[in-house]
Amino acid sequence: MRTQVAIIGGGPSGLLLSQLLHTRGIESVVLERKTKDYVLGRIRAGVLEQGLVGLMEEAGCAERLHAEGYPHDGTLLSYGNEMFRVDFKEHTGTPVMVYGQTEVTRDLYEAREKAGGLVEFNVEDVVIHDADGDAPYLTYSVNNEDRRIDCDFVAGCDGFHGVSRKTIPDDVRREYEKIYPFGWLGILSETPPVNHELIYANSPRGFALASMRNENLCRYYIQCSLNDKPEDWSDEAFWAEFKKRIPADQAEKLVTGPSIEKSIAPLRSFVTEPMRWGRLFLCGDAAHIVPPTGAKGLNTAASDVHYLFNGLREFYEKNSCAGIDAYSTKALARVWKAERFSWWFSSLMHRYPDQTDFDHKIQIAELEFLRSNTAAQKAMAENYVGLPY
Ligand code: FAS
Ligand code: PHB
């Protein structure tokens with residue numbers, strides 16, 4: 001088989017790139033190692049920057065997002081029983097959109113199917129060949145049948161555990177990593193959200209986040225030990241702990257219910273440089289990971305896709321390599337700003353095992369400063385709603 005852009009990974013990065021390329025008549029094939037249902041079953045991000053909303057509009061996939069998504073004009077931060085609001089609209093004129101990554105991915109799958117796009121599922125043993133040459137190709141297998149795709153370019157959209165990043169030679173690739181000494185235990189429950197906006201909570205017992213998917217589907221998280229397993233936490237234990245970490249007036253009105261999903265995500269900051277090697281381009285989690293505190297994972301994957309899509313467009317439409325040659329530098333400039341914000345917000349809101357009383361007092365002083373200072377709130381709001389592409 002031959003295509004113009006071979007995309008490894010049928011998550012949001014790969015699908016969004018494929019759909020955007022389609023809008024300009026550029027052919028692509030997406031190779032996904034799991035099934036569509038498996039991909040859609042993963043519960044992940046919940047907050048979209050306007051940049052991603054704009055890309056979904058550009059891809060012709062934003063109708064349901066606008067019909068069912070929830071624009072949020074601000075967020076709440078609490079420490080103990082104190083709580084204050086950071087107003088995104090006041091500081092930036094921009095809201096964020098609360099709409100689950102699962103729904104983004106579902107909309108993109110639907111668009112690819114409607115357009116007759118080729119997504120191959122259950123692929124195995126993907127190998128990238130001659131990425132540093134002029135005629136790259138992929139080999140892989142489906143149902144024990146060996147296959148090959150010849151292409152002009154390869155987009156590595158295969159997440160943190162994919163094959164693309166490791167195709168870049170060790171003596172070319174540089175990796176930067178920070179592992180956090182805790183994880184996030186998340187649940188979904190079919191209950192009304194405790195507040196109409198998100199609550200990020202710093203408590204002496206650890207971090208908590210009250211998020212949502214709709215008016216009857218909540219997504220709540222608590223910071224947990226890396227030794228914990230989801231089965232260690234009964235629903236009752238989760239609710240009891242969650243209530244202790246949010247302000248008492250919020251805990252009083254919390255509606256609890258059975259969890260319909262429960263999972264633990266480890267937290268890490270990670271960046272690979274460069275994000276390009278020859279005709280291989282890394283996008284999204286294949287190149288970088290952030291702690292989910294700042295809701296930057298999916299949104300930084302989106303800006304990668306924006307830069308790569310426009311670089312490939314320039315190549316095919318204007319025979320110019322300027323965009324693809326600038327891709328890695330341009331994407332990394334925004335990636336590192338997202339890494340900084342995610343690290344900063346995680347450091348502010350979580351309890352670290354080796355944290356001293358002084359460290360905790362500094363966290364509270366930082367929160368008091370953020371509460372009282374317009375410039376500090378504007379800086380946080382600009383990062384949270386998304387820095388410019
Ligand atoms: P993805 O990992 O989503 O997709 C990669 C795809 O490639 C997968 O479908 C995988 O099956 C496929 N693949 C892998 N190897 C392959 C191979 N060899 N061949 C073919 N296909 C292959 N971000 C937030 O903003 N907020 C959150 O709350 C949040 N929670 C998260 C929780 C967890 C457990 C994880 C892992 C991530 C979370 N993220 C969150 C980040 C997440 O949303 C990512 O940023 C987002 O999924 C990035 O999308 P992709 O780059 O497409 O990578
Ligand atoms: C979510 O709703 O899953 C979510 C929201 C905001 C975050 C992280 C996760 O910062």
Side-chain angles (χ1 to χ4, degrees), residues 6-18 29-36 38-49 52 70 72 75 96-102 104-105 108-109 119-128 138 140-142 155-167 183-188 193 197-200 207 209-214 217-221 230 261 263-268 270 282-305 335 338 341-342 345-346 349 384 386:
I7 299 172
I8 308 172
S13 294
L15 294 167
L16 180 58
L17 177 63
S18 181
V29 174
V30 176
L31 301 184
E32 168 53 49
R33 74 175 165 188
K34 300 292 188 183
T35 64
K36 175 177 158 186
Y38 183 95
V39 175
L40 291 174
R42 290 188 303 231
I43 306 302
R44 290 191 174 167
V47 172
L48 312 187
E49 296 173 356
L52 176 49
Y70 295 80
H72 276 210
T75 192
V96 293
M97 181 70 83
V98 171
Y99 188 70
Q101 173 174 322
T102 301
V104 169
T105 310
L108 288 167
Y109 267 125
V119 181
E120 292 207 64
F121 295 101
N122 297 312
V123 307
E124 295 180 304
D125 307 319
V126 174
V127 176
I128 302 167
L138 304 184
Y140 63 100
S141 66
V142 177
C157 301
D158 47 351
F160 186 68
H161 301 291
V163 295
S164 300
R165 182 173 68 250
K166 300 174 189 112
T167 301
W184 276 20
L185 167 63
I187 70 161
L188 274 179
E197 290 185 324
L198 273 60
I199 303 175
Y200 289 87
F207 170 80
L209 170 61
S211 184
M212 64 199 75
R213 292 293 178 269
N214 60 49
L217 186 60
C218 296
R219 179 63 167 168
Y220 293 141
Y221 298 94
E261 192 271 353
S263 53
I264 291 179
L267 273 62
R268 80 174 74 228
F270 178 88
L282 304 183
C283 265
D285 279 18
H288 43 75
I289 298 287
V290 285
T293 322
K296 291 296 155 223
L298 176 59
N299 291 299
T300 310
S303 49
D304 293 348
V305 168
V335 162
F341 175 67
S342 303
F345 202 17
S346 299
M349 301 305 290
Y384 194 93

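Everything numeric here is computed off the predicted structure, so don't read it as measured data. Side chains included, hydrogens not; waters and symmetry mates left out as well; all remaining heavy atoms used. Just so you know, ligand 1 is whichever comes first in the structure, and atom 1 is the first atom listed for that ligand.
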[X] side chain vs [Y] backbone, donor-acceptor pair below 3.5 Å:
X: S342; Y: T293; answer: no
X: T105; Y: G11; answer: no
X: D158; Y: S164; answer: yes
X: Y109; Y: G10; answer: yes
X: K296; Y: A301; answer: no
X: R165; Y: F160; answer: yes

Quiz item: With R268, which residues qualify under side-chain hydrogen bond (donor to acceptor under 3.5 Å, both in side chains), at least two apart?
Solution: E177
Exercise. Taking the side chain as every heavy atom from C-beta outward, state whether H72 and V47 have any pair of such atoms under 4.5 Å apart.
Key: no
Give every pair formed by an N or O atom of ligand 1 and a protein N or O atom closer than 3.5 Å, one pair per line with both atom names and the distance to 0.1 Å, or write none.
residue  : atom   : partner : partner atom : Å
ligand 1 : 2 (O)  : R44     : NH1          : 3.1
ligand 1 : 3 (O)  : R44     : NH1          : 2.8
ligand 1 : 9 (O)  : E32     : OE1          : 2.7
ligand 1 : 9 (O)  : E32     : OE2          : 3.4
ligand 1 : 9 (O)  : R42     : NH1          : 3.4
ligand 1 : 9 (O)  : R42     : NH2          : 2.7
ligand 1 : 11 (O) : E32     : OE2          : 2.7
ligand 1 : 21 (N) : R33     : N            : 3.1
ligand 1 : 25 (O) : G297    : N            : 3.3
ligand 1 : 43 (O) : Q101    : OE1          : 2.4
ligand 1 : 45 (O) : D285    : OD1          : 2.9
ligand 1 : 45 (O) : G297    : O            : 3.3
ligand 1 : 45 (O) : L298    : N            : 3.1
ligand 1 : 47 (O) : R44     : NH1          : 3.1
ligand 1 : 47 (O) : Q101    : NE2          : 3.0
ligand 1 : 51 (O) : S13     : OG           : 2.7
ligand 1 : 51 (O) : D285    : N            : 3.0
ligand 1 : 52 (O) : P12     : N            : 3.3
ligand 1 : 52 (O) : S13     : N            : 3.0
ligand 1 : 52 (O) : S13     : OG           : 3.3

Quiz prompt | Residue list, ring pair (Phe, Tyr, Trp, His ring centres under 6.0 Å) with F341, at least two apart or on another chain | solution = W344, F345
Self-check item: Close residues, ligand 2: non-hydrogen atom nearer than 4.0 Å
Solution: R44, G46, V47, W184, L198, Y200, L209, S211, R213, R219, Y221, P292, T293, A295
